[in-house]
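It should be emphasised that the depicted structure is a prediction, and the values quoted were computed from it without experimental measurement. Per chain, numbering begins at 1; letters A, B, ... match sequence-line order.
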Amino acid sequence: MPQLHVEHVTLTFGGLNALTDVSLVVPEGEIVSIIGPNGAGKTSLLNCISGFYHPTRGRITFGEHDLSRAAPNVVTSYGIARAFQNLELFRGLSVVENLLLARHTHLRYSLLDSLIFYGRASRQEAENRAYVERIIDFMELEAHRHHPVGTLAYGVQKRVEVARALTLAPRLLLLDEPMAGMNVEEKEDMVRFILDIQREQGISVVLIEHDLGVVMDISDRIYVLDFGQKIAEGTPQQVSADPRVIEAYTGVPGAAHAPAQGAGA
Amino acid sequence: MGSDLTINNVEVVYHDIIQVLRGVSLTVRAGRVTSLLGTNGAGKTTTLRAISGLLKPENGKIREGTVSFEGRILSGLGGTEVVKAGVVQVPEGRRVFKHLTVEENLRAGAILGRGHWSSDLERIYSYFPKLRALRHKQAGYTSGGEQQMIAIGRALMAHPKVLLLDEPSLGLAPLLVAEIFDNVRQINRQEGVGVLVVEQNASIALRHSDYGYVMEGGRIVMEGESAALADNPDVKEFYLGVTEHGGRKSFRDVKSYKRRKRWM
Amino acid sequence: MPASRFTQTGNYRVRYQQDQTIFATSAEQASLIAGVLLLLALPLLLPKTLLRDVNMIMIFAVAVLGLNVTTGYTGLINIGQAAFMGVGAYATALAATRLNLPFFLAIPLGGVAGALVGTFVGLPSLRLKYLYLAVATLAFQIIFEWLVGHLPVLAQGGAISMPAVQVFGVRDSFLNHNRFWYYLILPVLVGLGLLWRNVLRTRHGRSFIAVRDNDRAAAAMGIHPGRAKLTAFMVGSFYAGVAGGLFAYFQKAVVIEDYGLHTSVQLLAMAIVGGLGSLPGSFLGPLFIVALDRFMGSASEWLGAQNTFPQGVDAATALRPLAFGLSIVLFLMFEPRGLANWWRLVRLYFKKWPYKF
Amino acid sequence: QKNTTLVWSGAITGPTSDAGSSYAAGVEDYCKYANSQKMLSVTLNCVVRDDQYNNANTQRNFEEFVGNQNVPVFLGYATGGMLQIKGVVQETKVPTLPASYHIGIIDPPNNSYMFLPVSSYSENIVALLEWVAARERGAKVALIVNPSPFGRDPVVDARKAAARLGLKITDVQEVGGNNLDNTALLKRLEAQGAKYVINQNTAGPVANILKDAKRLGLLGKMQFMGAHYAGGEDLTKLAGDAARDFVWATSYYMYDEGDRPGIQLVKKIGAQFGRKADTIRSVHYTSGMLAAAIAIEAMKRGGKDITAASVYKGLTSMNGSRAFNPGFTVGPVTFSAKDHVGAESLRLLQADATGNFKAITGAQRSRMFQLVHPLK
Amino acid sequence: MELLPQLLLAGVVIGSIYALAALGFVLIYKSSRVINFAHGQIIATGAFIAFALTQRGLNFWLAGLIAMLITFGLGLLIERVFLRRMVGEPIISVIMVTIGLSSVIEGLIHLTPYGAGNFSFTTPAVLSGEGLSVLGTQLSRTQLAGVLAALTLLGGFTYFFNKSTLGITMRAVADDQMAAMSVGTSVERVFALAWAAAALTAAAAGVILGLMSGLTLGGLAGIGLKVFPVVILGGLDSVVGAIVGGMLIGVLENLSAGYLDGLVPGGGTREVFPFIVLIAVLLLRPYGLFGTKEIERV
Ligand SMILES: Nc1ncnc2c1ncn2[C@@H]1O[C@H](COP(=O)(O)OP(=O)(O)OP(=O)(O)O)[C@@H](O)[C@H]1O
Ligand SMILES: Nc1ncnc2c1ncn2[C@@H]1O[C@H](COP(=O)(O)OP(=O)(O)OP(=O)(O)O)[C@@H](O)[C@H]1O
Ligand SMILES: [Mg+2]
Ligand SMILES: [Mg+2]
């Protein structure tokens, strides 16, 4: 049972602690959210999990794999996929090509097979393409299939990010603010995708999101970071009632469930 | 009004073929805050680019219509002229100069040399006291909210009469969103700067603006006083996430059907 | 039989595998056959000196194909491609003169030598990015030239003569030299061109593009950025090595001057003018540069013969660099995507012919 | 046969084009002069073809003129290009005269159609060594050479000769065109006690070395010397008064030796074809003329039908009483089946205060060179 | 041993010239991320313009100054005519344009009497006197003047980039063109200025080089290549890096010529040794000694 364990992770940048002794668990098949003010260290934590940063202290494991020192591509090969906060797409390539790239580790033929492109390589490529098209259907990206992603509207690019992560066929999906720059209706669509991914494929999800409405509604468990430290954790109800969270993050008691400021704020 | 920024029936195409704006008209009244809402890809950013003269680098063109400000036609001018005319855009996604320090970022905004940059710096620091503490830090390593402050402060260095903000709340935590909008209001009041703010976060945008427009598929589909817009049932459902009964809709409710928007 | 009542009008691809064929329509297949016939007959149609130019173009095209892997696809600016050619040339020369290997073994050996050295030189790419890497290739170019000059086995850069080649009883001689090599270079080029196509449409090729566009995202896709770059270097310098081997035989002797920095720059010009990362561009680029050079050669000779310029003004000398430079500059200013884009437009036109749109 | 082609292929543009363009002018002018004098029964078609110092172009030119136009003789240029066409020259049996005096270009009998017009760089340098040995027994000598086959060529013969002459070669260093500062080099040579520095290079790098030597106050302590392409006008123009006392070995007469018939001819032809003063002064202009003159003379001697074979015959007949002496060089041009170096005689010259080179020896052959590099 | 200080000193002298040559290169890279392969040719242009002016009887100093002004104009022109259209095109295409330009400029120089052949300035009287003896090495006045001029220009530009608004604007443009435009910066004008300033410093470098080692097209243009290890070692976008890189390469060349050449048959190690050190340094510091580390936050 692959569970993600983050144990006492500390991350330092030249004397400055971006993370201090953070621990968390992502049980199989659950949606776990991380919230906190800007600069709290949410993305840095994700970076530690996905191998872009290596924790100064502490340990991160996924099932039997130790991620603490693994390179990003190795982490990916363990079944952890990620959508980035600031759009890390291959801007010049089309949506289809972006997704095809995500199948890299699933293709198992050599450079020699590549050269000949007959039999193994050709067959796998065809299957691969079919797989990608299914994801495109699922994420409702048909209309943009052949557009260079750099020219797509911001919100659509975010959706491509998620689709590309999904194409990796992960067991754990890390989503860094997938709904930034979307209006309520579009957020609803994205939530639907996330819930479907979790429910139908049993994929665990780590979600970073500033929209507390979304976070409170779909998370099984929430962790709150502030200044690199975990200041609260628990179910949505527990967290939204926690005074420290209110002070550090929302500024308003019960903000998460009040309709007037709630949505989007 | 002479000092309003008006956009009249503007059509924009990218690469000569991709039409994005289909006859957009709107007015940014002097000294007031106007908001522009809309779905992804509706053309909000494009509208701002059409005003600020930043279409060219994206290979876009105003094919028809005009943008005018204080009786001058801005459409067709380059970005520098538009800034000189007093209209400054704060681009989407907090594009600060990553390798420059905070203070250098602000100074890079002072290129028009109106007033003296050192006194202008003080002005910006009075709006954003946080930035003063960070003045020698590389902007690339500041947090999201701070970057947004830098971007707005940098634009203010040019003494704009109209400020165009593209999704200032993007990626910001709730407290900071509120802070930024308070700052914008303050600037608007103290300097009489007109503001056009593009937002996805409709609730806060409508709360802090005087007038609003809603855009879909390259057209303005609705406009009105902000308070009135916030009361519209469609805006309520699609932009504010409020159910017909007034409660907040839960994201967990599986949508078995999708209600179409009326204006489409 | 209802199906036969409808003739197919379009070009349907119902399975993704069909999408993969290179020559899909019958029209394309017909033009393929015509093209092959034309290529086979070319030596009979062309005057000998032009045929020599064609051979040069083909050899350069092999090297440019390689450059299009490293620089075009993977975005690693390589200012040392001529040195990789040189590695191939010297390896081929040693194989042929010291080990007495026949050319059909010596030339691939040159490719392998190129690939090995290329992989080694590519090692800094594990750490270096952007233009910093370009300078590592420049450094290799300079170190290579220096090393050759200091190695007695390589005649210190002086000539290593290549043995004459014999195939099916036909011997390479002064009179048939160009035809002889045309028929040897052509299949190598075509074969390597096909292999190039194949590599670049598979996972390896895509991983090259991925590290070029965004190597962080590439890593997140499970691609090892360093390994992808090294693979690109390996493939790219294999092509250069083969080109060097061919060049060694074609020139009949290996001399260091042929593999200098200016050749590297020229190869880069060919790749860019042809259109980076493009298969037709890899042929059109060398064609353009060689043709331009020939034309300018004649023009400057003509100009030199006219005594219309004031004393001290060497218009003939000026013309060639002027024209070479201007045509590159103008070309890139008005068609930054290179000749390959023209080629695409022409093909598009013929595909739709006789309709305009 | 009404006419035939005399072709030269070399660097009119590109690297070394300053030497190449004067050389080309010499070839072309002498060829036209031959026509105007009706030296031959046929008319010469005078062609100079630019190869941009690019070996592939040299080969192309060779193929074009030898393969398509059947020229009876080929005038070539650079070291690399000549080394590369050795094979085809042998195969086609077309006599070829380079402008590079690299001894490795000729090696009969394997390679019996290449002919150097004048003494080789190796012979230049061995002659300089002999001069050193005569002045100072057991002297220490350093060699500075161009980092190319052109530069490295004489090193082997120089080492052999030095050993026999009892001289000590302290160092062989490669110095190319980008040597902006030679302090380190000169200081090291000084530390080794080298009193004589022989250059096998082009004038540019040598001039920089001389200027630095002057700055470091080494000019009086070290004697600088050089082979054909290292010295002459090119050097004084660049090095100015730092070139003073430089000792130079070459087979050619100097422009200011106006009493020599060869130089008079150069001036006359230069004026006839309207060349500018700088070109006419250049030793490369004279060199071009010599190459053309040898080729035309060989055509004349070969018989009525001008073919590659007849030119070869003409060339190899130039010896003994039939030696050819057009007057450009200090000795006559002699060739035979075995001897493929034309005007072997050379002189040493030394630059005076005004930068003019004045002969300090008479015309001579290097005896030592014949010993270390015997004819095969 | 007295050799070492002498080698160091000689390295610093030549290094300051390298630094000056590299400065123009850095100026262009700093504002537009373009590697300018035509820099050597611009250096040659500046030197020949000055030379042509002295040939017409102008005083050396005046000629140098006017040459700098003329090349300043040429820089503007080059940017306007050739590079402006390339804004926004892939960087490699722009680089290729500069390669093309190097060829064009070389062709143009061949249209003057200076394309082929060797020339040298008549050393002005002030500089022809006795030099200075430092650490047992003789430094000529020409060298001293060159070092002085180089350091003055380098210092000036360092100050300019760090303190002046225009300098900051130029760095801003390099960082994010779109954002710079949004605050009204004329990116075109910044590029033009960068090219003009680069050309001006190139002319200065050309004149100094010409004075020190004569004027040949190949020699002067060849400096364009020398500049690569210098700027890469120092960091492509750092003026301080250009200075330190220049000095280091100068010193390294001299050290290898002084100590390594004796050990390697044939010598000539100065041609390659700096490159080997360069690669070693880059492996430890991939952005050179002073280059801006690309901020990469995902
Ligand atoms: N590569 C880095 N070098 C130096 N400091 C860094 C680096 N990456 C992150 N930081 C610092 O670490 C802290 C945490 O940043 P992080 O991006 O993780 O915040 P976050 O919680 O994701 O914020 P946001 O909600 O704005 O995305 C910040 O102070 C940031 O400046
Ligand atoms: N440079 C471009 N080239 C081609 N098409 C473009 C370009 N920029 C934008 N578009 C297209 O124009 C449309 C509108 O884009 P725009 O960025 O204005 O939307 P938006 O309303 O700002 O969306 P978002 O809220 O996601 O930022 C989109 O369909 C997009 O694909
Ligand atoms: Mg974050
Ligand atoms: Mg937008």
* Point-to-point distance, once rounded to the nearest 0.5 Å, from OG1 of B:T80 to CD of E:E188 ->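 Here the rounded value is 7.5 Å.
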* To do: Find the distance between OG1 (B:T101) and CD1 (E:I168) and round it off to the nearest 0.5 Å.
  =>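 Interatomic distance, B:T101 OG1 to E:I168 CD1, rounded to 0.5 Å: 7.0 Å.
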* Any side-chain heavy-atom pair of B:P91 and E:M178 under 4.5 Å ->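 Answer yes - side chains close enough.
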* To do: Kindly indicate whether the side chain of E:R171, heavy atoms from C-beta on, has any atom under 4.5 Å from the side chain of B:H99.
  =>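 Result no, sub-4.5 Å side-chain heavy-atom pair not found.
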* Engaged part of E:A174 at the chain B interface, taking heavy atoms whose separation is under 4.5 Å ->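 Nothing of E:A174, per the 4.5 Å heavy-atom cut-off to chain B.
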* Asked: Distance-only, no hydrogens or angles: does the B:R107 side chain make a donor-acceptor pair with backbone N or O of E:K163 under 3.5 Å?
  ->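 Indeed, once roles are kept as given, a pair shorter than 3.5 Å links the two residues.
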Where is the tightest heavy-atom contact between [X] and [Y], given as atom of each residue plus distance?
| X | Y | result |
| --- | --- | --- |
| B:F97 | E:A179 | CE2-CB, 3.8 Å |
| B:E104 | E:N162 | OE2-O, 4.1 Å |
| E:S182 | B:V88 | O-CG1, 3.6 Å |
| B:L54 | E:M181 | CD2-CB, 3.5 Å |

* Asked: Side chain, backbone, both or neither: which part of B:L100 has a non-hydrogen atom closer than 4.5 Å to chain E?
  ->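 Both the backbone and the side chain of B:L100 come within 4.5 Å of chain E.
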* May I ask you to check whether over 12 heavy atoms, not counting those of E:R189, lie within 6.0 Å of atom CZ? =>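 Atom CZ in E:R189 is not crowded, with 12 or fewer foreign heavy atoms closer than 6.0 Å.
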* **Residue E:R80 excluded, over 12 heavy atoms near CZ under 6.0 Å** =>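 No, the 6.0 Å shell around CZ holds no more than 12 heavy atoms from other groups.
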* Quick one: do E:D176 and B:R95 make a salt bridge, cutoff under 4.0 Å? ->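 Salt bridge flag = yes for B:R95 with E:D176.
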